[in-house]
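Here is the structure we will look at, set down as structure tokens.
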Amino acid sequence: MLLELKDIHVHYGKIAAIKGISLQVEDGEIVSLIGANGAGKTTTLKTISGLRPLTSGQVLFNGQDISKMPGHKRVVAGIGQSPEGRGVFPGMTVQENLLMGAFTRKDALDADLAEVYELFPRLAERKSQFGGTMSGGEQQMIAIGRALMTKPKVLLLDEPSMGLAPMLIAQIFEIIKEINKRGTTVLLVEQNAQQALKLSHRAYVLETGRVVKSAPGPELLDDPQVRAAYLGGH
Amino acid sequence: MKGNGVTGNANPLRRVGALFDGARDWWERAKTWQRFVVYIGALVFALILPAPWIGTFMSPGADWTTVLIYPIGTYMLLAIGLNVVVGQAGLLDLGFVAFFAIGGYTLAYFATEHGWSYWPTVVFGIFLAAVSGVILGAPTLRLRGDYLAIVTLGFGEIIRITANNTDEIGGARGIPNIPHPTDMPAIGLDFGVLPAPYYYLMVAAIVVVIVFSVRLQKSRVGRAWAAIREDEDAAELMGVPTFKFKLLAFAIGAMIGGLAGGIYAGKAVFIEPGTFPFILSATILAAVVLGGAGNLPGVMLGAFVIAWLPERFREVEWLKEALGKDPAEYRILLFGGVLVLMMALRPEGLLPSRRRKAELHEGTGGMGAMGAEVAGPDTDVSTEAAK
Ligand SMILES: Nc1ncnc2c1ncn2[C@@H]1O[C@H](COP(=O)(O)OP(=O)(O)O)[C@@H](O)[C@H]1O
Ligand SMILES: [Mg+2]
């Protein structure tokens, strides 16, 4: 087991955002969290990466309890995240953004940088453009590439398809698949349930801070309840 | 030219702005030897600046060298210090005057009451300022934006009021007879009543602080600060220990403030709580923002303008006649008007860095809500930066 949440509760002030979520991510998987707006997907990812403190419960990574570990140390431990809204550094160039991902690393970066540019040729063309002036899709590529530069064991992606044109969405999902194929475990948060479920080994459905269903991705695609609620259809 | 009028190019301030931007872009591409020529030129300029023929225009009514030390030089030093906090790390500090006060009071108290000599006491003042920066920062740097601004504002007031109510450090009467800096016969500096040696000391301090600040900015620490300023959560996700680096920015800014306090007190001979009012924190912040937070030449220019303009306004004859009394009484108003005008026409500051422009363009230029509320005025900046 690479990553495990054990009955976590998270609050914003007095408001409970997460009311007892447990989930597991195995080494090498793509696992999706789907659910409506406000279900607690972003909060779950932030709790895993250490941006939000736990009220109770446990976060285990590689079998070790990291519930109290500060966020910047979890990066070193192997948790990389592309945050909701991308969080690109607007005043840094594309290359500088990617190098920020290697902030804590002391080993050689050339091969990893080359790999990111190979995955996202668009970024290679724009190395010295400011992050803040890139388009939404390009910023998403920066955010993912930057997270890859931290050399994560598990990559947390928060709505990578948000606000992108359909063509780009398909492309981003292809790349996620490729990243996974090259050995990085992926925990994916999506509102775009259809595409997320198609490429996920397993998925969890979140509703108001709780897991209401979990099953292999393709199975959920055929689940009538899930279809009605998240796939806009029949 | 006429066609450009609509886009605002006819506006003289815009044109000056374009000139500044051109200079900055040249500087960013300049070769090492070109930069050295500029450094040496700037130093020579600083050394001949007190010359009387410059002074007759710059400061007809008051001794120019004295004005150069205070307010101009002192504001510059303070602005460089505050720039570390506001411009580099993106933390809004409204109580920066506290560190200036701590540096000043440390020298005043230990030198007069305990007979400590000048330089060790200044160093001790810098140390105490850093410690108080950490003490202030440790509980408050977990807060963000507006909250941090309010707490730091409170801190500045607490320091001043404490000084006012502590008889051991002179209370409201302040501390007189603060010793001058130790003479340096080796380089011919005798610190007496003449202002010139203090001016050279101020220039030396500013140079040291600039070198220190630039080195920091280019280091790993500077990169961490930039990341925190631009997106704190994302910085943490890159493995930046954000809290530690924010604390470091506070401590380093405080040290520079403390140094300024020591130098100021050694020249002024007398300090009192009223020397360190809140308005000074606000003024230095205005200098940093006006000049272009994060860009040292901009910040220094901002400090110069803010320190010099009100002094100069007092001497303008037609203003005197128009107002019917000493314009100095209106100078804060005038100076406020100039500030509002500048911020309306060039909100990113007189001389912002390209990076800063890109940040503001996106709308989250650090500094809590302040940065977020400043909209990017010229949209063409982004396309320019794209090349
Ligand atoms: N900063 C915040 N302050 C207060 N409540 C928040 C904050 N962020 C999220 N919430 C609340 O927590 C719940 C979960 O939000 P979130 O994790 O963002 O959901 P999702 O990502 O699934 O849309 C929502 O009810 C939301 O209103
Ligand atoms: Mg979300």
Side-chain angles (χ1 to χ4, degrees), chain A residues 42 45-46 48-53 69-94 96-106 125-126 128-135 138-139 142-143 146-152 155-156 158, chain B residues 28-29 87-88 90 142 144 217-246 292-295 348 352-366 371-372 376 378-387:
Chain A
T42 297
L45 288 197
K46 282 188 173 176
I48 296 171
S49 58
L51 295 180
R52 289 297 316 172
M69 189 187 273
H72 61 269
K73 289 196 178 143
R74 298 191 196 189
V75 179
V76 182
I79 299 178
Q81 185 180 350
S82 158
E84 184 174 52
R86 306 163 194 132
V88 162
F89 301 115
M92 297 190 197
T93 63
V94 170
E96 286 169 339
N97 262 283
L98 295 180
L99 290 177
M100 268 320 291
F103 185 78
T104 60
R105 289 175 54 183
K106 289 179 185 72
E125 295 163 16
R126 300 271 175 135
S128 54
Q129 182 173 332
F130 281 122
T133 66
M134 301 284 274
S135 73
E138 291 163 342
Q139 290 198 5
I142 297 176
R146 201 177 56 175
L148 285 176
M149 289 303 291
T150 68
K151 269 203 162 170
L155 177 62
L156 315 179
D158 198 341
Chain B
E28 277 174 7
R29 264 175 269 124
Q88 293 190 229
R142 301 193 191 275
R144 295 214 177 156
Q217 188 159 16
K218 291 191 174 156
S219 71
R220 192 178 142 80
V221 177
R223 285 210 299 149
W225 283 340
I228 291 169
R229 175 181 77 222
E230 294 184 12
D231 191 323
E232 192 171 337
D233 277 349
E236 186 83 19
L237 292 176
M238 301 295 102
V240 176
T242 50
F243 178 67
K244 258 189 234 163
F245 276 103
K246 289 198 287 182
N295 196 32
E348 71 276 18
S353 61
R354 285 161 70 87
R355 148 181 262 162
R356 187 80 193 170
K357 276 193 151 183
E359 284 171 22
L360 286 174
H361 178 72
E362 217 225 21
T364 53
D378 7 38
T379 6
D380 57 315
V381 173
S382 57
T383 39
E384 208 181 278
K387 286 168 195 156

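From a predicted model like this one, the values you see are computed outputs, not experimental measurements. Below, chains carry the letters A, B, ... as their sequence lines are ordered, and counting in each starts from 1.
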*Pairwise side-chain contact, A:Pro83 with B:Asp233, heavy-atom cut-off 4.5 Å (strictly under)*: no
*Residue pair A:Gly87 / B:Asp231: nearest heavy atoms and the distance that separates them*: CA-OD2, 3.3 Å
*Indicate the atoms forming the closest heavy-atom contact of A:Thr104 with B:Met238, along with that distance.*
CG2-O, 4.1 Å
*asked:* Tell me which one of A:Met100, A:Met92, A:Glu96 satisfies side chain to side chain contact (heavy atoms under 4.5 Å, CB included) with B:Arg223.
replied: A:Met100
*asked:* Is there a side chain to side chain contact (heavy atoms under 4.5 Å, CB included) between B:Arg354 and A:Phe130? Walk through the geometry before answering.
replied: CA-CA 9 Å; B:Arg354 285 161 70 87; A:Phe130 281 122; 4.0 Å; yes
*So B:Arg220 and A:Phe103, side chain to side chain contact (heavy atoms under 4.5 Å, CB included) or not? Walk me through it.*
CA-CA 8 Å; B:Arg220 192 178 142 80; A:Phe103 185 78; 3.4 Å; yes
*Which region of A:Leu99, side chain (C-beta onward) or backbone (N, CA, C, O), has a non-hydrogen atom less than 4.5 Å from a non-hydrogen atom of chain B, or is it both or neither?*
both
*asked:* Let me confirm one number: the CD-CG distance from B:Glu230 to A:Asn97, rounded to the nearest 0.5 Å.
replied: 7.5 Å
*Verify, without hydrogens or angle tests, whether B:Glu236 (side chain) and A:Leu51 (backbone) share a donor-acceptor contact under 3.5 angstrom.*
no
*Taking every heavy-atom pair that is under 4.5 Å apart, which of B:Gly239, B:Ala235, B:Ala234 has the most such pairs with chain A?*
B:Gly239
*Nearest heavy-atom neighbours spanning B:Ala358 and A:Pro90*: CB-O, 3.7 Å
